[in-house]
Protein chains: 2
Amino acid sequence: MATAKGKAKSAAVAPAPTISEEGNRRGDIVRAAGRLFREKGYSATTIRDIAGAVGMRSGSPFYHFKTKHDMLLAVVLEGIRDIHAAVEVEARKDSPPRARFEAMLRAHLRQLLGEEGRDFAAALLHESRHLEAAELAEITALKDRYEAMWQALLKELKKTGEIADDSRTARLFLMGAMNWTVQWYRPEGPKGIDALAKQLAAFVLR
Amino acid sequence: MATAKGKAKSAAVAPAPTISEEGNRRGDIVRAAGRLFREKGYSATTIRDIAGAVGMRSGSPFYHFKTKHDMLLAVVLEGIRDIHAAVEVEARKDSPPRARFEAMLRAHLRQLLGEEGRDFAAALLHESRHLEAAELAEITALKDRYEAMWQALLKELKKTGEIADDSRTARLFLMGAMNWTVQWYRPEGPKGIDALAKQLAAFVLR
DNA sequence: CCTACCGATCGGTAGG
DNA sequence: CCTACCGATCGGTAGG
């Protein structure tokens, strides 16, 4: 255990690589945890559930993570990173504001509703509250940058008269319309998601 | 126990009175459970938490409810009833569609964010998934009627050209904008809530 | 509604 | 990463 514990610590504290870069087993745990957290919630998911999902015994996940808390942290971090990265790509393009807006909506919704990202996204949206402010520091920082991206775009749309309101509150209304899709959207291919983005753009733009 | 169990059963199965009509102790439990479910989530809340909050010992809540599940059911039911009742009052008035719309937004948001209803509303929005479809029958029926009310109003607004889209999806976008406020709104009196309703109306109406 | 309790399960650890 | 385990806690119950 001297060895094992040492490894566990450095793995848990490490600069937290993105999932694709992670050692396979650690990544497997994060993905399984994400799925279970989305399906049953953090508190109702047991270490045994997670271990079982990746073919481990109940003690083994603790070789990769110090606590269940740290697993949640890894899942939530993956969630905000993926969304931020996906939307930033679209935000950086210099297409007209309206087209950029629709592309950002599409990227956000794809992360929320698509198979690749939805487990992490759901944990980010609904289970973050089980983490304390100190643990959330990196997540909060990324979230701030993410929100600023949207706010800047709303400001542009206001300037061209395409949106009625570019306040913080308006941005939160918009985020709500998007994030709530998680509660009712039933997957029927990426085509459905893209159509949803179009419809939302038409709903809020003039 | 023959007595106690008999009572517990009839209390749990009874036609589920509204909170104000309930025996005080049962109502106390429902209110305490609602608050704790909102603060910590259903799974992370223990019977001992709930019992402690109303000054009981850990076994005593089971005199009023057969299971923890049934407590959640009572909380969620109170949530949908309160929201439905509050918004229906506004929907029945025969003011112009725009005014009625704003009043309905206000009523919904007051239930979500005001002190009286927010615990029940939060449980309705976030903890219902721990209940099974059969248990949710009454809740689902009320929810359907609730949604139909909104859909009808959107249709009116579409006819007068005040909204761009009156589809089911549009309604869900609107619900999302409202329900998401639970995640970010910090109470500063009912004035803040009413202003929010106005701002949302202006955001989606033309 | 309390006392006293039960079996099951939980997150986590020692030792390899 | 497994085996074997621990103390704590959980939902729920018998009996009054």
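Just the heavy atoms: all of them, side chains too, but no hydrogens, waters or symmetry mates, feed the values below. Chain letters run A, B, ... following the sequence lines, proteins first and then strands; every chain starts at 1.
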Got a sec, which residues hit side-chain hydrogen bond (donor to acceptor under 3.5 Å, both in side chains) with [X], two or more places apart in sequence or on another chain?
X         : value
Arg186(A) : none
Arg106(A) : none
Lys155(B) : none

Taking a pair as Watson-Crick (N1 to N3 plus N6-O4 or O6-N4) or G-U wobble (N1-O2 and O6-N3), both under 3.5 Å, which stems of 3 or more consecutive pairs involve DNA chain D?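 Consecutive-pair runs (3 or more) involving DNA chain D: C:1-16 with D:1-16.
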Going by ring pair (Phe, Tyr, Trp, His ring centres under 6.0 Å), name the pairs with one or both residues in residues 67-93 of chain B, residues two or more places apart or in two chains.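 Residue pairs with at least one partner in residues 67-93 of chain B: there are none.
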List the residues meeting ring pair (Phe, Tyr, Trp, His ring centres under 6.0 Å) with Tyr42(A), not counting sequence neighbours, and say none if there are none.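 If we apply the ring pair (Phe, Tyr, Trp, His ring centres under 6.0 Å) test to Tyr42(A), skipping adjacent residues, the hits are Phe37(A), His130(A).
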Go through the structure and list residues passing ring pair (Phe, Tyr, Trp, His ring centres under 6.0 Å) with His126(B), not counting sequence neighbours.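 Ring pair (Phe, Tyr, Trp, His ring centres under 6.0 Å) check on His126(B) returns nothing, list empty.
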Would Asp165(A) and Gln199(B) count as having a side-chain donor-acceptor pair, cut-off 3.5 Å?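 Present: a donor and an acceptor within the cut-off.
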Mind listing the residues from residues 49-57 of chain A sitting with a heavy atom below 4.0 Å of DNA chain C? Number order is fine.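 DNA chain C contact set from residues 49-57 of chain A: none.
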NZ of Lys68(A) versus P of dC10(C): gap in Å, rounded?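 Atom-to-atom, Lys68(A) to dC10(C), this comes out as 9 Å.
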If I take atom CZ in residue Arg48(A) and atom P in nucleotide dT13(C), what distance separates them, rounded to the nearest angstrom?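 Those two atoms, CZ and P, are 13 Å apart.
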Under 3.5 Å, which donor-acceptor pairs do the side chains of residues 44-54 of chain A form with other protein atoms, sequence neighbours left out?
from     : atom 1 : to       : atom 2 : distance (Å)
Thr45(A) : OG1    : Leu36(A) : O      : 3.3
Thr45(A) : OG1    : Gly41(A) : O      : 2.7
Thr46(A) : OG1    : Arg48(A) : N      : 3.4
Thr46(A) : OG1    : Asp49(A) : N      : 3.0
Thr46(A) : OG1    : Asp49(A) : OD1    : 3.4
Thr46(A) : OG1    : Asp49(A) : OD2    : 3.3
Asp49(A) : OD2    : Lys40(A) : NZ     : 3.1
Asp49(A) : OD2    : Thr46(A) : N      : 3.0

Just to be sure I understand the rule, does Thr46(B) reach a base, reach only the sugar-phosphate, or reach nothing, if contact means heavy atoms closer than 4.0 Å?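 If one applies the 4.0 Å heavy-atom cut-off, Thr46(B) turns out to touch the sugar-phosphate alone, with no base involved.
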Have a look at Ser43(B) and say if it touches a base, only the backbone sugar-phosphate, or nothing, with a 4.0 Å heavy-atom cut-off.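 Nothing: the residue Ser43(B), judged by heavy atoms under 4.0 Å, touches no strand.
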In terms of side-chain heavy atoms of Ser60(B), which of dG12(D), dG12(C), dC1(C) is nearest?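 Of all the options, the side chain of Ser60(B) is nearest to dC1(C).
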Side chain of Arg25(B) only, heavy atoms from C-beta on: which candidate in dG12(D), dC1(C), dG11(C) is closest?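 Ranking dG12(D), dC1(C), dG11(C) by closest atom to the Arg25(B) side chain puts dC1(C) first.
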